[in-house]
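Note sheet for the following structure.
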Amino acid sequence: RKEVEQDPGPFNVPEGATVAFNCTYSNSASQSFFWYRQDCRKEPKLLMSVYSSGNEDGRFTAQLNRASQYISLLIRDSKLSDSATYLCVVDFYGGSQGNLIFGKGTKLSVKP
Amino acid sequence: DAGVIQSPRHEVTEMGQEVTLRCKPISGHNSLFWYRQTMMRGLELLIYFNNNVPIDDSGMPEDRFSAKMPNASFSTLKIQPSEPRDSAVYFCASREDSWASPEAFFGQGTRLTVV
């Protein structure tokens, strides 16, 4: 069974705080991993891919631990505009013939 | 490119009626996904097509749901007969499906209300 588990939150943090989200997945054969962002009443959009070596994009850092089947997203110096739901996504086959399975999302609310 | 186009944006129908949701993927993308999103269950994958062929339909809730992709530029999701519990936002997404470009792009969704 393909499952992606996330803490639903909500995470309520002040501006400037650092916040971390975690995600676990069930299938060790999973090949590709992503974080998507979804604003209220909008479609999900790619935030960043997650690579085995870890990767950083500005204030955002993603990590992958294949042994523990665990993905994380760290947001530093959070902004009001970071308020959204963050979705962990696992491609259970990778590349061609892949199924994209979404976690239920973690809601983040950044307060002034 | 205009992105993934879904229609209608909103649909209100009576229980028992047939509902057809439409999706035009991004040109050149060879994978297409249909998702359903509710507060309780989040984003659920209903069916996944690759090169117009259904690869995995294990997420389709029951026989009332059917999906087709007659060509690379069009897909439909049909619910017949519709029930109130089908009320949700239905998203279509497509992607190029290559290692270089694994991102899936979503349409704006169809908000379905069955009364």
Side-chain angles (χ1 to χ4, degrees), chain A residues 1-10 21 23-27 29-52 55 57 60 62 64 71 84-107, chain B residues 2-7 9-10 21 23 25-26 29-60 88-113:
Chain A
R1 186 174 175 185
K2 304 165 220 169
E3 288 184 342
V4 178
E5 301 286 343
Q6 290 183 253
D7 180 345
F21 306 139
C23 169
T24 58
Y25 58 95
S26 62
N27 190 329
S30 303
Q31 298 292 326
S32 304
F33 309 89
F34 311 92
W35 284 100
Y36 276 66
R37 170 190 167 132
Q38 186 173 24
D39 293 293
C40 187
R41 302 181 77 85
K42 299 285 190 180
E43 72 274 21
K45 293 183 179 179
L46 179 69
L47 178 66
M48 59 196 304
S49 299
V50 186
Y51 304 118
S52 295
N55 50 299
D57 182 2
F60 298 84
L64 168 63
I71 306 159
T85 296
Y86 291 82
L87 302 161
C88 176
V89 186
V90 176
D91 185 333
F92 275 84
Y93 297 104
S96 181
Q97 308 265 323
N99 275 0
L100 288 176
I101 304 298
F102 283 70
K104 290 185 179 180
T106 299
K107 187 172 182 179
Chain B
V4 176
I5 299 173
Q6 289 187 247
S7 63
R9 290 290 308 279
H10 301 274
L21 311 181
C23 176
I26 293 173
H29 284 190
N30 59 359
S31 288
L32 184 140
F33 305 83
W34 280 102
Y35 290 90
R36 175 173 69 177
Q37 187 172 39
T38 60
M39 287 291 291
M40 289 296 295
R41 301 173 70 93
L43 257 175
E44 299 174 277
L45 178 63
L46 300 178
I47 188 168
Y48 158 58
F49 291 88
N50 186 265
N51 292 322
N52 312 339
V53 176
I55 302 299
D56 185 352
D57 65 355
S58 59
M60 295 287 263
V89 180
Y90 290 81
F91 286 105
C92 174
S94 71
R95 72 172 177 178
E96 188 179 324
D97 220 21
S98 70
W99 290 109
S101 184
E103 178 182 358
F105 294 84
F106 280 74
Q108 291 182 300
T110 295
R111 186 171 296 274
L112 174 65
T113 303

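Below 30°, between 30° and 60°, or above 60°: for Phe105(B) and His29(B) the angle between ring planes is between 30° and 60°, a tilted geometry.
If you measure heavy-atom distances from Arg111(B) to chain A, the contacts under 4.5 Å come from the side chain alone. Heavy-atom distances place the side chain of Phe34(A), and not its backbone, under 4.5 Å from chain B. In this structure, chain A has no heavy atom under 4.5 Å from any part of Met39(B).
For Asp57(B), the salt bridge (charged side-chain N to carboxylate O under 4.0 Å, His left out) criterion is met by no residue, not counting sequence neighbours. Checked against salt bridge (charged side-chain N to carboxylate O under 4.0 Å, His left out), Arg41(A) has no partners two or more places apart in sequence or in another chain.
Atom CZ of Phe106(B) sits about 8.5 Å away from atom CD of Gln37(B), to the nearest 0.5 Å.
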